[in-house]
Amino acid sequence: MPELPEVETVRRGLEPVMAGQVIADAEVRRPDLRWPFPPNMAKRLQGQIVRGLRRRSKYILADLSSGETLIIHLGMSGRMLVSGQMRGEFFRNHDAKSAHDHVVIHMGNGARITFNDARRFGAMDLVPTDTAEDHWLLSKLGPEPLGNSFNAAYLENALNGRRTPIKSALLDQRVVAGLGNIYVCEALHRAGINPKRHAGRIASPRLGALVPVIRDVLAEAIEAGGSSLRDHRQADGELGYFQHRFLVYDQANKPCQTLGCGGTVRRIVQSGRSTFYCPTCQR
DNA sequence: ACCAGCTCCTGCTTGC
DNA sequence: TGCAAGCAGGAGCTGG
């Protein structure tokens, strides 16, 4: 599922029920997701106050009063669903137990947060807060696409000399952190760049123009609550809505929507992943 | 160093 | 309707 906008949507959904609240209890129902959980994870979460929830790329970081940070990755199909009774309001977004409820966190305010991940590509780890960003999963990540260090000069330098297709380069989390297949396809379409073009062979003005396009696509997707194709749900269980705004992703054989283009959206495979683009207006 | 391909796992969609 | 193949939003690892 989740690329940056989906993860940010989940983070925003968890913040009001977790931030500043104590973790009353935690249950681990299965010993591992992609990797084994850290030792005694449930016990180490118990009694901690959640100082705040941050996001780095596609990771959610929950800073705890113990001085540790819970790192959460949703993989392809992970969900964080809130249920329970809070402030007199009853949330029933995940009351039925599912076979893939791997971790359940019970907050002192009555909220219950369930980590559900059918494909088990997700991960959790618990590390000291002051070195959380040095975690092996985070240490090699490139800049945040919505941050100031992601700019035209940076991107040109990062892609200089690279012969891999621009599509593959933008999926590389070391180049820019948080993009996935959907938003790379959409951004390249908006920028009019052919996904097969070699990353190091794109003229500066076109690369420069790609930066604000990426920011816009991500910001609009966050605003829409992300994209729900199969698995993504907001923390309250609601769907995201950005999938209705896709111009190319999953639109194979449909007419290109670019004004006056007249082309047809194609699906190709690049390094084993689907790429959707319009050969007419993406050059 | 760079890059394409494979792999982990489960479930939904597609085509025969 | 039934069944199997194909495909899925991530990302680490391997080997050329």
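Convention: sequence-line order gives letters A, B, ...; per-chain numbering from 1.
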Please check the phosphate of [N] (OP1 and OP2 only) for any side-chain N or O of [X] closer than 4.0 Å.
{"X": "A:His73", "N": "C:dA11", "answer": "yes"}
{"X": "A:Ser271", "N": "B:dC3", "answer": "no"}
{"X": "A:Arg267", "N": "C:dA8", "answer": "yes"}
{"X": "A:Lys58", "N": "C:dG9", "answer": "no"}
{"X": "A:His100", "N": "B:dG11", "answer": "yes"}

Taking atom [atom2] of [N] as reference, at what distance in whole Å does atom [atom1] of [X] sit?
{"X": "A:Asp172", "N": "B:dA4", "atom1": "CG", "atom2": "C1'", "answer": "13 Å"}
{"X": "A:Arg201", "N": "B:dC2", "atom1": "CZ", "atom2": "C1'", "answer": "16 Å"}
{"X": "A:Leu74", "N": "C:dG10", "atom1": "CG", "atom2": "P", "answer": "11 Å"}
{"X": "A:Arg120", "N": "B:dC9", "atom1": "CZ", "atom2": "P", "answer": "7 Å"}
{"X": "A:Arg230", "N": "B:dC12", "atom1": "CZ", "atom2": "P", "answer": "11 Å"}
{"X": "A:Leu33", "N": "C:dA11", "atom1": "CG", "atom2": "P", "answer": "14 Å"}
{"X": "A:Ile72", "N": "C:dG10", "atom1": "CD1", "atom2": "P", "answer": "18 Å"}
{"X": "A:Asn116", "N": "B:dG11", "atom1": "CG", "atom2": "P", "answer": "10 Å"}

- request: Look through every strand shown and name the nucleotide pairing with B:dC12 as Watson-Crick or G-U wobble, where both distances are under 3.5 Å.
  value: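 Its partner is C:dG6.
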Who pairs with B:dC6 - Watson-Crick or G-U, where each distance is under 3.5 Å: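 For B:dC6, the partner nucleotide comes out as C:dG12, under the 3.5 Å rule.
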Counting any heavy atom closer than 4.0 Å, what does [X] reach on the DNA or RNA strands: base, sugar-phosphate only, or nothing?
{"X": "A:Gly180", "value": "sugar-phosphate"}
{"X": "A:Arg174", "value": "nothing"}
{"X": "A:Gln270", "value": "nothing"}
{"X": "A:Pro165", "value": "sugar-phosphate"}
{"X": "A:Tyr183", "value": "nothing"}
{"X": "A:Arg34", "value": "base"}

task: Sticking with atom P, work out how far C:dG9 lies from B:dT14, rounded to a whole angstrom.
output: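 Comparing P positions in C:dG9 and B:dT14 gives a spacing of 15 Å.
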message: If you count every heavy atom of other residues, nucleotides or ligands that lies below 6.0 Å from A:Asn148 atom CG, does the total exceed 12?
response: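 No, CG of A:Asn148 has 12 or fewer neighbouring heavy atoms, counting only those of other groups under 6.0 Å.
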Pair A:Lys167, A:Asn194: side-chain N/O donor-acceptor within cut-off below 3.5 Å: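 No, because no side-chain N or O of A:Lys167 sits under 3.5 Å from a partner of the opposite role on A:Asn194.
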Looking only at the side chain of [X] (C-beta and beyond, no hydrogens), which of the listed nucleotides [options] gets closest?
{"X": "A:Gln173", "options": "C:dG9, C:dA11, C:dA8", "answer": "C:dA11"}
{"X": "A:Trp35", "options": "B:dA4, C:dG9, C:dG12", "answer": "C:dG12"}
{"X": "A:Thr164", "options": "B:dA4, C:dA11, B:dC9", "answer": "B:dA4"}

field: Under-4.0 Å salt bridge between A:Glu15 and A:Arg11
entry: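 Judged by the 4.0 Å cut-off on N to carboxylate O distance, A:Glu15 and A:Arg11 do form a salt bridge.
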query: Less than 4.0 Å between a side-chain N and a carboxylate O, is that true for A:Glu133 and A:Arg54?
result: yes
query: Less than 5.5 Å between centroids and less than 30° between ring planes, does A:Phe121 satisfy that with C:dA11?
result: no
task: Measure up the A:Phe242 and A:Tyr183 rings against each other and bin them: parallel (under 30°), tilted (30 to 60°), perpendicular (over 60°).
output: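 The arrangement is tilted - the two ring planes meet at 30° to 60°.
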query: Would you find a donor on one side and an acceptor on the other, under 3.5 Å apart, between the side chain of A:Gln282 and the backbone of A:Thr280?
result: no
- prompt: So, for A:Cys278 and A:Val248, which heavy atoms are closest and what is the spacing to 0.1 Å?
  reply: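 Minimum heavy-atom contact is N-CG1, 4.4 Å.
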message: Quick check on salt bridge (Lys or Arg N to Asp or Glu O under 4.0 Å): which of A:Glu6, A:Glu8, A:Glu3 does A:Arg55 satisfy it with?
response: A:Glu8
- request: Go through residues 136-145 of chain A and report each residue with a non-hydrogen atom lying under 4.0 Å from DNA chain B, sorted by number.
  value: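 Under 4.0 Å from DNA chain B: no residue of residues 136-145 of chain A.
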message: So, applying side-chain contact (heavy atoms from CB on, under 4.5 Å) with A:Thr69, which one of A:Leu126, A:Asp130, A:Leu61 is it?
response: A:Leu61
field: Heavy-atom donor-acceptor pair, A:Arg273 side-chain to C:dA8 base, under 3.5 Å
entry: no
